[in-house]
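Everything on this sheet refers to the single structure shown next.
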2 protein chains.
Amino acid sequence: MTRSAQSPEPTAARRGRPPKGAFRLSREAIVEATLEVIDADGVAAVSMRAVGRVLGVDAKSLYNYVDGKDGLLDAVAEALLGGIDLPAPTGDLGNDLRRIALAFRTQALAHPEAAALVLTRQLSSFEGLAPVEAVLRILSEAGFDPAESVHLLRTFVAAVVGALLREVSAGPTYGATNPELVAERVRVLRGSGLANVTAAAEELARFDGQAEYRYAIDFAIETVLARVSS
Amino acid sequence: MTRSAQSPEPTAARRGRPPKGAFRLSREAIVEATLEVIDADGVAAVSMRAVGRVLGVDAKSLYNYVDGKDGLLDAVAEALLGGIDLPAPTGDLGNDLRRIALAFRTQALAHPEAAALVLTRQLSSFEGLAPVEAVLRILSEAGFDPAESVHLLRTFVAAVVGALLREVSAGPTYGATNPELVAERVRVLRGSGLANVTAAAEELARFDGQAEYRYAIDFAIETVLARVSS
DNA sequence: ACCTGAACACCGTTCAAGT
DNA sequence: ACCTGAACACCGTTCAAGT
């Protein structure tokens, strides 16, 4: 719905190389424009044409900077990953893991609609490796060998991603933000006829993203700590 | 690429209610056809027109059974979830959780390309609640109160979903199946200039989905078991 | 009750032509 | 070097018209 045309001039119909001094396209500008579209209308609303519209440029021009729509979405995921503010390690294993996990969540929730992209896409780029390096370093300094470190890294990342994915895909449906929706949800759950679902309906209907996330992280960290000695 | 036209007769151009005895459309048939498209060409290839083509029917006819494309994908996710073969509980907490998690993985991997759908979509339907009930029952019988059960359920599901998501989205890129790709990946990782990534390159490049999944489950179960007494 | 023709407003992408 | 016109082969969806 929201449409922000931000071309510096009313871009007259024109062909060929743009006059110098004119707005210059760039990978960064394109990623930013895509995030604008995503924040406003969700990932499903992303199209080459829609992004071009935001920039006041023909959709086809994007192909000079980005490898098609798929490449565009990859670029967005990478930009978000690269933007994670990794905390300096303190030497305290549990705390350091927790702080990385929280930084990850902060970045993911900065663009909730885009978060699933980061969580779902294959992150093999250099940008995606920085958080990996950070976790491996912490584990290695805690005395884990590479093989065990990788296992723990993967398990830790899976827990974090799973928790975040639920949080962003559940969206604002859950949450104490809307007690009316929670009540409605309780009713639905009670009507399921499933004994244990009914018994836990109140707890199932309520959902505090941050608290739930901390619980999941602490759960994982607890087990990592239990293995330090072994 | 693969196209399986499975209309019983060469469907002459026709209008209005179909002659009786002719192929009847149904929600199940549509879901099945959609899975065919997904298995062959991935979720991105799903379109109302493509699914209609498989059934030898106009795309618009699908609207009589399914609420647009989004509703179609929901229906697929629900069908997959409902198809999970939940094992009967034995009373052994750890084993019961493990068996549910393995059944979940089996179902998800039956249609690897569709798995992300199940993992990502909001699963609030009755069909989606059966696994929830199963886990809650196991936890409740192990002595956890509803609040703690829900926390553990969510953490457990997050771990399982995160692990599976990586497995299906990593796809056959990793895995000992293709040692050549693994070697290439090792080279890329070593060239990253990141100390700990380089040191663990071999372990990072190798990936055995089943083993990794078991590791993640056992990790989660271990912590659940540690809390039984408390 | 269930299906389709016509129609609309969109897509992604290629490629040659422009400056 | 970078942009667009023209063009192609697609989309999802509505709605009225058919049987």
Side-chain angles (χ1 to χ4, degrees), chain A residues 1-3 5-30 33-34 37-38 40-76, chain B residues 1-3 5-30 33-34 37-38 40-76:
Chain A
M1 296 297 126
T2 323
R3 170 70 30 74
Q6 60 176 27
S7 48
E9 289 154 45
T11 325
R14 162 181 43 82
R15 190 178 182 151
R17 184 218 214 90
K20 59 173 163 184
F23 175 69
R24 286 296 261 83
L25 221 40
S26 70
R27 213 160 198 275
E28 297 75 45
I30 291 172
T34 308
V37 173
I38 293 176
D41 301 312
V43 179
V46 172
S47 73
M48 302 302 275
R49 285 161 146 105
V51 173
R53 230 176 281 134
V54 169
L55 293 165
V57 144
D58 192 285
K60 299 186 256 30
S61 301
L62 307 180
Y63 285 79
N64 289 308
Y65 300 88
V66 134
D67 190 15
K69 186 183 176 181
D70 238 55
L72 171 61
L73 293 177
D74 281 340
V76 171
Chain B
M1 294 298 128
T2 324
R3 170 71 28 75
Q6 59 176 29
S7 48
E9 288 154 47
T11 326
R14 164 181 43 85
R15 191 177 182 154
R17 185 218 214 88
K20 59 174 163 182
F23 176 69
R24 286 297 260 83
L25 221 40
S26 70
R27 213 159 199 276
E28 296 74 46
I30 291 173
T34 307
V37 173
I38 293 176
D41 301 313
V43 179
V46 173
S47 73
M48 302 302 275
R49 286 162 147 102
V51 173
R53 229 176 282 133
V54 169
L55 294 165
V57 144
D58 191 286
K60 299 186 258 26
S61 301
L62 307 180
Y63 285 79
N64 290 308
Y65 300 89
V66 133
D67 189 15
K69 186 183 176 180
D70 238 56
L72 172 61
L73 292 178
D74 282 340
V76 171

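Naming: A, B, ... by sequence-line order, numbering from 1 per chain. Reckoned from all heavy atoms, side chains included, excluding hydrogens, waters and symmetry mates. Quick caveat: nothing in here was measured; it's all calculated off a predicted structure.
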Is there side-chain contact between B:Leu25 and B:Asn64, with at least one heavy-atom pair below 4.5 Å? no
Just to confirm, is there a sub-4.0 Å distance from OP1 or OP2 of D:dT13 to any side-chain nitrogen or oxygen of B:Tyr63? yes
Spacing of A:Met48 atom CE relative to D:dA9 atom P, expressed in whole Å: 21 Å
Please report the closest heavy-atom contact between A:Ala45 and A:Ala50, naming both atoms and the distance. O-CB, 3.9 Å
Which whole-number value in Å describes the distance from A:Leu62 CG to D:dC3 C1'? 11 Å
Contact summary for A:Met48 and A:Lys69, nearest pair of heavy atoms: SD-CA, 3.7 Å
Residue A:Val57, side-chain atoms from C-beta onward, closest of D:dC11, C:dT4, D:dT4: D:dT4
Separation of the C1' atoms in C:dA9 and D:dA9, to the nearest angstrom: 16 Å
If the cut-off is 4.0 Å, is B:Tyr65 near the phosphate of C:dC3, judged by side-chain N/O to OP1 or OP2? yes
Length of the line joining B:Asp58:CG and C:dA6:P, which is rounded to integer Å: 12 Å
Using atom CZ of B:Arg49 as one end and atom C1' of C:dA9 as the other, report the distance to the nearest whole Å. 12 Å
Polar side-chain atom of B:Arg27 near backbone of B:Tyr65 as donor-acceptor pair, under 3.5 Å: yes
Any side-chain heavy-atom pair from B:Val76 and B:Val46 closer than 4.5 angstrom? no
Have a look at A:Lys69 and say if it touches a base, only the backbone sugar-phosphate, or nothing, with a 4.0 Å heavy-atom cut-off. sugar-phosphate
Distance (rounded to the nearest 0.5 Å) between A:Ser26 OG and A:Glu28 CD: 4.5 Å
Atom CZ of B:Arg53 to atom C1' of D:dA9: distance rounded to whole Å? 11 Å
Do the side-chain N or O atoms of B:Asn64 get closer than 4.0 angstrom to the phosphate oxygens (OP1, OP2) of C:dC3? yes
Could you pull out the closest heavy-atom pair between A:Ala33 and A:Val54, with the gap in Å? CB-CG1, 3.8 Å
Please give, in whole Å, the distance from D:dC11 P to B:Lys60 NZ? 13 Å
Grab the CG-C1' distance between A:Leu55 and D:dC2 for me, whole Å please. 15 Å
Runs of at least three consecutive pairs that involve DNA chain D, where pairs are Watson-Crick or G-U with distances under 3.5 Å: C:4-8 with D:12-16, C:12-16 with D:4-8
B:Ser47 or A:Ser61, whichever maps to the more 5' nucleotide of DNA chain D: A:Ser61
